[in-house]
Amino acid sequence: MKVLGIESTCDETAVAVVDGGDILSHKIASQTEIHALYGGVVPEIASREHLKRINVLLQQVLQEAGGIEQIEGIAAAARPGLEGSILVGLTAARTLSYLTGLKLAEIDHLEAHLFAWPFLEQLFPPGLGLVVSGGHTRLVYIKEWGDYEIISDTRDDAAGECFDKVASMLQLKYPGGPEIEKAAREGDRKRFRFPVANLKGSLDFSYSGLKTSVLYKIKYDLKGKLSEKDRRDIAASFQEAAFKPLVNNAISGAKKTDSAWILVCGGVAANSRLREMFQEAAGKEGIKTLFPPLKLCTDNAATVAACGEFYLSRS
Ligand code: KG4
Ligand code: ZN
């Protein structure tokens with residue numbers, strides 16, 4: 001089923017047409033350079049930028065996919081996210097649905113992250129999903145596609161949010177995740193021992209302690225002066241402490257639920273060190289880990305469309 005997908009929950013305006021596991025057209029207009037000036041996403045600016053871009057993207061993607069006549073259903077990310085931003089994509093989707101008579105699926109953005117799977121391989125539940133992004137750090141037990149149980153969440157900051165805040169402490173630009181990954185490549189992972197959150201008796205996550213610990217290291221131990229080497233070593237040591245709970249809790253969750261696989265998605269899943277740590281630790285336990293291609297880790301419209309296709313084809 002050919003489905004048009006629209007994503008506008010945060011600072012990426014994205015439109016795609018997918019058909020099964022095939023992406024017929026996909027365009028993402030990122031606003032990160034604008035928000036980088038402010039060190040993070042400014043909601044009012046985000047909505048206005050979506051408004052400037054959405055029609056152009058729709059025209060380009062629909063043309064590339066053979067015209068609106070080819071489309072059999074519409075999907076838009078409707079929650080959670082920035083209200084004003086969501087309104088732009090959702091209003092475009094509702095208008096198109098009204099004018100064409102095509103059915104509209106209003107999609108949960110977190111579920112859309114999980115729907116990177118149709119582009120990977122046939123993935124049979126039960127299994128475990130880890131959504132690790134700028135807004136969420138969540139483990140879900142996937143009983144069936146469409147039927148989930150939330151196993152754990154973050155108690156404070158999301159992992160990606162922590163990357164963005166630590167990047168700002170290291171005077172790296174927004175969004176911080178890719179910048180920290182770059183700096184960490186030549187850093188010493190063992191130079192600093194940052195605390196690894198372990199909430200006894202729970203698979204929940206916590207990132208505020210780690211964030212404060214990095215802040216104190218820079219402010220007091222290093223007296224606010226960072227050499228290039230300090231920056232690289234902090235980035236590398238920070239990644240280890242940030243990723244250990246993700247790997248440990250996901251593996252414990254997989255064992256607890258008898259899951260043979262873990263699907264890791266969301267923006268932070270783009271990180272190569274996280275992929276390496278997962279592959280190594282889960283491999284030892286005989287648990288398979290799956291990671292989407294980089295473009296489908298961060299916010300995009302192909303996974304929104306795939307999720308829509310799932311619901312629309314059953315209705
Ligand atoms: O899924 P996403 O695009 O948006 C949300 O739903 O939040 O995730 C964005 C988050 C940002 O915090 C960004 O810093 C982080 O994902 N991120 C990364 C990497 N690429 C993006 N974090 C660590 N390593 C990366 N390579
Ligand atoms: Zn997201």
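Counting from 1, the numbers follow the sequence of the chain as shown. As the structure lists them, so they are numbered: ligands from 1, and atoms in each ligand from 1.
- Under 4.0 Å is where a charged nitrogen must lie from a carboxylate oxygen, and between K165 and E161 at least one such pair does.
- Protein heavy atom closest to atom 26 (N) of ligand 1, with residue, atom name and distance, is E181 OE1, 2.7 Å.
- Atom OD1 is the N, O or S atom of D299 at the shortest distance from the Zn ion (ligand 2).
- When only modelled atom types and interatomic distance are considered, H109 and E7 share a side-chain donor-acceptor pair under 3.5 Å.
- Residue-ligand proximity: C10 is placed with every non-hydrogen atom at 4.0 Å or more from ligand 1.
- In this structure, CD in E181 is found 6.0 Å from CD in Q239, a value given to the nearest 0.5 Å.
- Considering backbone and side-chain atoms alike, G134 places an N or O below 3.5 Å from some N or O of ligand 1.
- The protein atom (non-hydrogen) at minimum distance from atom 3 (O) of ligand 1 is D299 N, 3.0 Å.
- Near G135, the atoms of ligand 1 lying under 4.0 angstrom from a non-hydrogen atom of the residue are 7 (O).
- Of the protein's non-hydrogen atoms, G267 O, 3.4 Å is the one closest to atom 20 (N) of ligand 1.
- Within the structure, the closest approach of H136 to ligand 1 does not fall below 4.0 Å when heavy atoms are considered.
- Considering backbone and side-chain atoms together, G266 places no N or O closer than 3.5 Å to any N or O of ligand 1.
- The closest side-chain donor-acceptor pair between S252 and N249, if any, does not fall under 3.5 angstrom.
- For atom 11 (C) of ligand 1, the nearest protein heavy atom (residue, atom name, distance) is D164 OD2, 3.7 Å.
- Residue P178 has at least one heavy-atom neighbour below 4.0 Å for each of these atoms of ligand 1: 19 (C), 20 (N), 21 (C), 25 (C), 26 (N).
- For atom 23 (C) of ligand 1, the nearest non-hydrogen atom of the protein is G177 CA, 3.5 Å.
- Those atoms of ligand 1 with a heavy atom of G160 less than 4.0 angstrom away are 12 (O).
- A salt bridge between R94 and E106 is present, with a side-chain N of the basic residue lying under 4.0 Å from a carboxylate O of the acidic one.
- H113 lies close to the Zn ion (ligand 2), since one of its N, O or S atoms is found at a distance under 2.8 Å.
- The Zn ion (ligand 2) has an N, O or S atom of H109 inside 2.8 Å of it.
- A donor-acceptor pair shorter than 3.5 Å can be found between the side chains of D156 and S206.
- Contacts of T298 with ligand 1, taken as heavy-atom pairs under 4.0 Å, involve both backbone and side chain.
- In this structure, W145 has its ring center under 6.0 Å from that of F115.
- More than 12 heavy atoms of other shown residues, nucleotides or ligands fall within 6.0 angstrom of atom CD in E121.
- At a threshold of 4.0 Å, the pair K229-D188 does not count as salt-bridged, since none of the basic side-chain nitrogens sits closer than that to a carboxylate oxygen.
- No part of E12 comes within 4.0 Å of ligand 1, judged by heavy-atom distances.
- Short contacts between ligand 1 and H113, defined as distances under 4.0 Å to a heavy atom of the residue, involve ligand atoms 1 (O), 6 (O).
- Within the listing of ligand 1, atoms 6 (O) sit less than 4.0 angstrom from a heavy atom of H109.
- More than 12 heavy atoms of other residues, nucleotides or ligands shown are found within 6.0 angstrom of NZ on K143.
- Considering K52, E49, R53, H50 as possible partners of T13, the one that fulfils the side-chain hydrogen bond (donor to acceptor under 3.5 Å, both in side chains) test is H50.
- Rounded to the nearest 0.5 angstrom, Q70 CD and D19 CG are separated by 10.0 Å.
- On a distance-only criterion, P175 and ligand 1 share no N/O pair closer than 3.5 Å.
- Among protein heavy atoms, atom 24 (N) of ligand 1 sits closest to N271 ND2, 3.0 Å.
- Residues E276 and R189 are paired through a salt bridge, judged by an N-O separation under 4.0 Å between the basic side chain and the carboxylate.
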